[in-house]
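Data first, discussion second: the structure below is written as C-alpha cells.
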Amino acid sequence: MSPNHTEPNHRKHLRQIARRVMKERGMLCDFSAQVDKELQDAPDRAEEPAGDRRDLRKMLWSSIDNDDSQDLDQLTVAEALPDGVIRIGVAVADVDAVVRKGGAVDGHARHNTTSVYTAAQVFPMIPEQLCYDLTSLNMDEDRAALVVLMDVDASGQVSAPDICLALVRNHAKLAYDAVAAWLDGIGPRPQHIGEVPGLEENLRLQDEAAQRLRHRRFDHGALTLETIQSRPVFADEKISALQVDERNRAKDLIEDFMIAANGVTAQFLEKRKRDSLRRLVREPKRWERIVDVAAALDHHLPVAPDSKALSAFLDERHAADPVSFPDLSLTIVKLLGRGEYMVKSPGVEAPGHFGLAVHDYAHSTAPNRRYPDLITLRLVKSALQGGKPPYSTQELKDLAGHCTRKEDDANKVERQVTKSAAAMVIQSRIGERFEGIITGASDKGTWVRVFDPPVEGKLSNGEAVLDVGDHVRVELKRVDIERGFIDFQLVPSRSG
C-alpha cells in the first residue's frame with residue numbers, strides 16, 4: 001500500500017489542532033526555561049520538615065478518580081461516631097508547599113489558571129514532575145495536605161468542621177467505575193480494597209455519609225442533571241468510536257464530599273474575617289424559557305427562579321422518562337448559564353450556587369489543576385498560621401475575572417478539540433439524517449446535538465423558529481476537522 005494511503009493518525013492530528021487552538025486562545029502550551037530551572041529545587045521543597053502538621057497517615061485514606069488519572073488532588077476517609085454521626089475527612093494536596101507564590105511555576109499556573117484536558121493531549125497547569133509526582137497524593141507515599149474534617153448526622157447536616165495542615169498517606173488508588181459497580185453490587189470488590197484491612201467498611205461508611213449529604217442538598221433544591229459527555233476511543237492512533245461518560249455512585253460520592261468541603265472552606269474564611277474566592281452560578285437569566293420547557297411537559301414552574309421547584313420538576317421527569325432525561329438535562333444546563341468567580345469579603349452578602357443549592361462555595365479541592373483552588377489553599381493556610389493574607393482584595397478581584405475568562409478559554413479549547421474528533425468520526429456520513437435537540441440559540445447561531453453518534457453542530461437554516469430544548473430532524477451537510485465545524489441543515493417535518 002502506498003504511504004499516502006496509510007491509516008490516518010487521528011491522535012497526532014488532534015494534538016496539532018489542540019496546540020494551535022491553545023495558542024489562539026492565549027493559553028501556554030509549554031513550560032519556560034525558567035520553570036525548568038525552578039523545578040531543580042522542587043524535590044527539596046517537597047521534603048521540607050513537616051512543622052506543626054498533624055500526622056494523619058494511619059487513617060484509611062484512599063483516592064477515587066478516573067482510571068487514567070495521575071494528578072491526584074484529594075483523598076477521603078470516614079469514621080463512625082456515637083449517635084449515628086459519621087465524620088468524613090477530605091485531604092487536599094498542599095501544592096503551595098512546593099509551588100511558591102510569585103515563582104516561575106506559579107506564573108505559568110496563574111496565566112492558564114487550569115489544566116486543559118483534550119482528546120489527544122493534556123496541558124497540565126503545573127509541570128508533570130509536580131502534579132503527577134511531588135504534589136500528587138500517590139498511593140503509598142507520604143504527602144503534605146490540607147485536611148477538612150466534618151461530622152455528618154443522619155439528616156445530612158454538617159457540624160464540627162475542622163481544618164488543619166497534616167501529613168497523609170494514600171492506602172489505595174481506586175477508580176470510579178470499579179468502585180461504583182462494587183457499591184451497586186454488580187461488580188467484584190476492587191483488588192486494592194481487599195488488600196487494606198478495614199477499607200471495605202470505611203468506603204461503605206463514606207457512601208452512607210455521601211448519601212446523607214446528597215439527600216439534604218436535593219431537599220434544599222440541588223438539581224439532578226445527567227448530561228451526555230463523550231470522549232474519543234483510540235485504536236492504533238485512529239478514533240474507533242465516541243464513548244459516553246456516565247455518572248455513577250462513586251462519582252457522586254466524591255462530588256458530595258467535595259461540595260461539603262468547599263462549603264466548610266468558604267465558611268472557615270468567613271469566620272476568620274478573610275476574603276475568599278467564591279464559585280457561583282447566578283439565578284438563570286433565561287428562566288422564562290425553562291418555564292416554557294416545563295410547560296411543554298405539563299409541569300408548572302413559578303414565574304420567579306426557584307431551585308426547589310426546578311429540582312422537583314427534574315426529579316419527576318427523571319422518574320417518568322429516564323431515557324430522554326439527559327436531553328432535558330442538557331437543555332436546562334444551557335439555560336442556567338455559566339459559572340463565574342467572585343470575591344466575597346467578610347460580612348458582605350454574595351450570591352450562591354443556584355445549581356448546587358448552596359450559598360457558601362469556594363473551589364478548594366483541586367489545587368493541582370485549578371488555580372482558584374491554589375489561591376484558596378493559600379488563603380486558608382495564611383488564616384491557619386495567623387499570617388498576612390497572600391492576596392489583597394483588589395488582586396483577588398482581578399484574579400477572579402482572569403480565572404473566569406481563562407476557564408472559558410480552556411473550555412472552548414476542549415470543546416473545539418472534541419468537535420474536531422467528532423468531525424473525524426462523522427465525516428463519512430454527509431447526507432445522512434439524524435434526530436437531535438437544540439442546545440443553543442442566540443444571535444451567534446443555533447446549535448443542535450444529534451443523538452447517535454452524540455455530536456454537536458451548527459444549523460444552517462431554520463434558526464429563527466427554534467429554541468433550546470426543541471427536538472428536530474437534521475441532515476449532515478459539511479464538516480471541517482481543522483476548525484471543529486459540523487454543519488447540519490434542518491429537515492422540514494413534512495419530509496419525514
Ignoring hydrogens and geometry beyond distance, is a side-chain donor-acceptor pair present between [X] and [Y] at under 3.5 Å?
X    : Y    : answer
S364 : N262 : yes
S460 : D487 : no
Y176 : D67  : no
N411 : E407 : no

[atom1]-[atom2] distance between [X] and [Y], expressed to the nearest 0.5 angstrom:
X    : Y    : atom1 : atom2 : value
F488 : L490 : CZ    : CG    : 12.0 Å
L374 : D106 : CG    : CG    : 6.0 Å
Q129 : D36  : CD    : CG    : 9.5 Å
I186 : R249 : CD1   : CZ    : 10.0 Å
K12  : E237 : NZ    : CD    : 10.5 Å
D94  : L137 : CG    : CG    : 10.0 Å

Extract all donor-acceptor atom pairs below 3.5 Å that involve side chains of residues 289-298 and protein atoms in other chains or at least two apart in sequence.
from	atom 1	to	atom 2	distance (Å)
R289	NE	V468	O	3.0
R289	NH2	V468	O	2.7
R289	NH2	D470	OD1	3.2

Within the 4.5 Å heavy-atom criterion, are [X] and [Y] side-chain neighbours or not?
X    : Y    : answer
V179 : L253 : no
L476 : I486 : yes
D321 : R317 : yes
H471 : E435 : no
V92  : T265 : no
P453 : I426 : yes
D306 : L301 : no
K334 : W447 : no

| query | Hey, mind stepping through E141 and D133 against side-chain contact (heavy atoms from CB on, under 4.5 Å) and telling me if it holds? | reply | CA-CA 10 Å; E141 296 285 351; D133 184 11; 6.0 Å; no
| query | Passes side-chain contact (heavy atoms from CB on, under 4.5 Å), V472 versus L466? Steps please. | reply | CA-CA 9 Å; V472 294; L466 297 170; 3.8 Å; yes
Any salt bridge between [X] and [Y], counting N to O under 4.0 Å?
X    : Y    : result
R20  : E24  : yes
D41  : R100 : no
K412 : D409 : no
R11  : D236 : no
R247 : D252 : yes
D65  : K173 : no
R338 : E340 : no

| request: Given side-chain contact (heavy atoms from CB on, under 4.5 Å), test L203 with L174 step by step and report yes or no. | output: CA-CA 11 Å; L203 287 166; L174 306 171; 3.8 Å; yes
| Neighbour count above 12 (heavy atom, 6.0 Å) for K101 NZ | yes
| request: Answer yes or no: does atom NZ of K397 have more than 12 heavy-atom neighbours from other residues, nucleotides or ligands under 6.0 Å? | output: no
With distance as the sole test, does [X] use its side chain to make a donor-acceptor pair with the main-chain N or O of [Y] at under 3.5 Å?
X    : Y    : answer
H10  : V425 : no
S420 : I481 : yes
K344 : Y361 : no
E414 : Y117 : yes
S115 : M125 : yes
E38  : V105 : yes
S62  : H171 : no
N112 : L28  : yes
Q34  : A104 : no
D480 : R483 : yes

Do you know which two heavy atoms are closest between [X] and [Y], and how far apart they sit?
X    : Y    : answer
D373 : A366 : OD2-N, 2.9 Å
Y132 : V122 : OH-CG1, 4.0 Å
I375 : C403 : CD1-SG, 4.5 Å
K238 : P8   : CB-O, 3.9 Å
A362 : L277 : CB-O, 3.4 Å
A18  : V413 : O-CG1, 4.5 Å

| message | Going by ring-ring contact (aromatic ring centres under 6.0 Å, His included), name the residues that satisfy it together with Y341, two or more places apart in sequence or in a different chain. | response | H363
| message | side-chain contact (heavy atoms from CB on, under 4.5 Å) for R110 and Y371? Distances and angles first, verdict last. | response | CA-CA 6 Å; R110 182 169 177 153; Y371 199 69; 3.6 Å; yes
| query | Which of parallel (below 30°), tilted (30 to 60°) and perpendicular (above 60°) describes H299 and F313? | reply | tilted
